[in-house]
2 protein chains.
Amino acid sequence: MSERKDVQPSGVPVPCLTCDARSGGVCGTLDAEQLASLAKASSKKRLESGAELIGDAQTVEAYSNILSGVVKLTKGLPDGREQIVGLQFAPDFLGRPFQDESAITAHAATNVVLCSFPKRTLEMLIKQSPRLEHFLLNQTLRELDEARDWMLTLGRKNALEKVASYLLLIARYIDPAVDPDSQSIAFDLPMSRLEIADFLGLTIETVSRQLTKLRIDGVIAVSQNRHIVVANPERLRMRSGC
Amino acid sequence: MSERKDVQPSGVPVPCLTCDARSGGVCGTLDAEQLASLAKASSKKRLESGAELIGDAQTVEAYSNILSGVVKLTKGLPDGREQIVGLQFAPDFLGRPFQDESAITAHAATNVVLCSFPKRTLEMLIKQSPRLEHFLLNQTLRELDEARDWMLTLGRKNALEKVASYLLLIARYIDPAVDPDSQSIAFDLPMSRLEIADFLGLTIETVSRQLTKLRIDGVIAVSQNRHIVVANPERLRMRSGC
DNA sequence: CGTGTGTTTGATCGCTTTCAAGTTCAGTGG
DNA sequence: CCACTGAACTTGAAAGCGATCAAACACACG
């Protein structure tokens with residue numbers, strides 16, 4: 001690709017012009033020149049649901065911005081038990097800076113579009129740009145807050161509270177202001193029952209039973225397995241334990 | 001205190017000269033001038049085991065370095081259930097940058113010595129010192145790794161594996177190279193059975209029973225409640241599920 | 001129309017919790 | 001030094017919740 005086609009008079013690379021992640025994510029912290037050097041080395045990737053992005057103990061040679069879709073981060077025990085330890089949504093940054101080997105596995109939970117770039121390129125930019133490092137610190141702190149919230153759920157909530165908490169988590173991703181108003185909210189679950197179970201530290205059967213319970217109690221309506229209507233978010237919150 | 005007594009010819013403030021955290025922690029990233037301005041605003045605090053450092057939803061006006069002891073971070077449910085979501089040891093940095101309200105509670109798990117300084121002072125230094133921000137990013141990434149390890153333990157391990165994992169965690173803090181050699185290792189638990197239970201998402205009775213099981217199996221020896229001798233670290237690791 | 005995958009439902013089992021004593025330990029005052 | 005006291009810990013018995021095993025159901029696809 002020629003420079004003429006790649007770079008606008010404004011200095012913003014063409015592929016970045018229409019990119020949702022440009023303002024929200026990593027790229028929003030870069031000046032035009034830095035953005036250009038990152039864009040030159042980056043490529044858009046489409047992944048089907050279920051595809052593996054990063055393998056456990058695998059050398060990581062790329063970082064990515066999530067442009068759309070949901071990525072799940074998992075850890076496993078030698079005997080096959082699995083736990084999802086994080087969910088990442090657009091426009092999150094994906095990758096573990098300053099560490100060559102990943103201790104976790106990443107999979108596409110839905111169809112996913114990424115903007116990937118080499119580890120080296122980004123690490124060079126980090127050294128140049130305190131704003132970028134500040135952005136990463138903030139995202140990492142947010143992920144840590146989320147992980148700790150989830151530890152409370154995993155360690156101290158019962159099955160019903162776990163499932164209710166999960167539904168609230170997804171509902172809030174769709175509409176962050178879901179609680180105060182008691183409007184109903186509808187969405188499609190980005191994950192299968194097995195994945196939900198791996199997220200909640202439960203089995204599929206238990207997840208299914210708790211969804212049934214919430215359905216019978218009139219808190220939610222379920223259709224086609226994945227489609228959820230939360231009739232009464234406030235009642236769902238009451239069942240989530242907090 | 002006069003400057004003459006506070007500052008050495010080298011430029012290193014006197015109280016910092018003998019400080020263990022000076023090289024390992026936040027202060028190691030600062031130049032002499034920055035260290036001096038931080039030292040001027042900081043004060044050493046001794047806290048008894050059980051003291052509250054940061055309350056939930058309380059405005060945080062100070063950050064700290066942990067000079068000695070163990071700090072536990074907890075989250076609770078409205079009905080009183082509690083979960084420990086993190087342990088911090090010297091020379092960790094304590095506090096949640098860029099957020100006025102704490103979402104968690106911090107308590108001294110043992111007697112603790114802190115070096116505290118005002119939020120404002122550190123935030124000013126962060127703006128000046130990319131090295132400091134880099135240090136904080138690294139510590140936060142490490143804490144996130146630890147939190148995710150623990151999510152696997154909370155969600156997918158049974159009671160015996162949880163207790164074994166906890167003992168390994170503490171043993172590794174005492175001696176990081178505890179696994180490869182099969183030497184025995186002895187230490188005092190920094191936490192009560194209730195705290196261990198809150199860490200593992202179990203009850204005190206279950207923690208006690210699993211410790212008894214490990215004792216009967218000859219994996220550990222327990223005396224005076226808190227003192228543990230791990231006779232065979234490798235067998236302990238085998239029982240931890242990974 | 002059959003096949004396969006994902007989900008629901010049912011019955012039973014087992015682990016962890018709960019409730020209820022005991023026991024050990026550290027601290028205090030005689 | 002020892003007896004007393006309260007807190008922390010251990011042990012036991014029973015109950016409950018989620019896991020496991022098994023079967024039925026629903027939907028997509030060839």
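Just so it is clear: chains get the letters A, B, ... in the order the sequence lines come, proteins before strands, and each one is counted from 1. Just so you know, these numbers use all the heavy atoms, side chains as well, and skip hydrogens, waters and symmetry mates.
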- [ ] Using the test side-chain contact (heavy atoms from CB on, under 4.5 Å), find all partners of A/A159 that sit at least two apart in sequence or belong to another chain.
- [x] A/L202, A/T206, A/Q210
Open item on the list: Distance check needed: D/dG18 P versus A/E161 CD, whole Å only.
Closed with: 9 Å
Open item on the list: Tell me which pairs pass salt bridge (Lys or Arg N to Asp or Glu O under 4.0 Å) where either residue lies in residues 214-231 of chain B, with sequence neighbours left out.
Closed with: B/D217-B/R239
TODO: Scan nucleotides 4-17 of chain D nucleotide by nucleotide, 5' to 3', and note B when protein non-hydrogen atoms come under 4.0 Å of the base, S if they reach only the sugar-phosphate, - if neither.
DONE: -----SBBBB----
TODO: Look at A/E143 together with A/R148 and state whether they make a salt bridge at an N to O cut-off of under 4.0 Å.
DONE: no
Task: Euclidean distance, atom CG of residue A/L200 to atom C1' of D/dG18 [Å, nearest integer] - done: 13 Å
Task: Residue pairs passing the ring-ring contact (aromatic ring centres under 6.0 Å, His included) test where at least one lies in residues 221-242 of chain B, sequence neighbours excluded - done: none
TODO: Nearest whole angstrom, please: distance from the C1' of C/dT16 to the CD of B/Q210.
DONE: 9 Å
Open item on the list: Less than 4.0 angstrom between a side-chain N/O of A/T203 and OP1 or OP2 of D/dG18, yes or no?
Closed with: no
Task: Rounded distance (Å) that lies between atom P of C/dA26 and atom NE2 of B/H227 - done: 13 Å
Open item on the list: Can you measure A/Q224 atom CD to C/dT8 atom P for me and round it to whole angstrom units?
Closed with: 13 Å
Open item on the list: Rounded to whole Å, how long is the line connecting atom CG of B/L154 with atom P of D/dG18?
Closed with: 16 Å
- [ ] For A/N111, enumerate each residue passing the side-chain contact (heavy atoms from CB on, under 4.5 Å) test, keeping only those at least two apart in sequence or located in another chain.
- [x] A/E48, A/S49
TODO: Sorted by first residue and then second, give each salt bridge (Lys or Arg N to Asp or Glu O under 4.0 Å) pair with at least one member in residues 196-213 of chain A; sequence neighbours left out.
DONE: A/D198-B/R156
Task: Between the first and last five pairs of the helix from C/dC1-D/dG30 to C/dG30-D/dC1, the angle of the axes, rounded to 10 degrees - done: 30°
TODO: Please name the pair of heavy atoms, one in B/I196 and one in B/L189, separated by the smallest distance, quoted to 0.1 Å.
DONE: CD1-CD1, 3.9 Å
Open item on the list: Rounding to an integer number of Å, can you tell me how far A/K213 NZ sits from C/dT9 P?
Closed with: 12 Å
Task: A/L87: side-chain contact (heavy atoms from CB on, under 4.5 Å) partners, not counting sequence neighbours - done: A/V70, A/K72, A/I84, A/F89, A/L169, A/M191, A/F199
Task: Set of side-chain contact (heavy atoms from CB on, under 4.5 Å) partners for A/D145, sequence neighbours left out - done: B/R96, B/Q99
Open item on the list: Whole angstroms only, please: what is the CG-C1' distance between A/L202 and D/dA19?
Closed with: 10 Å
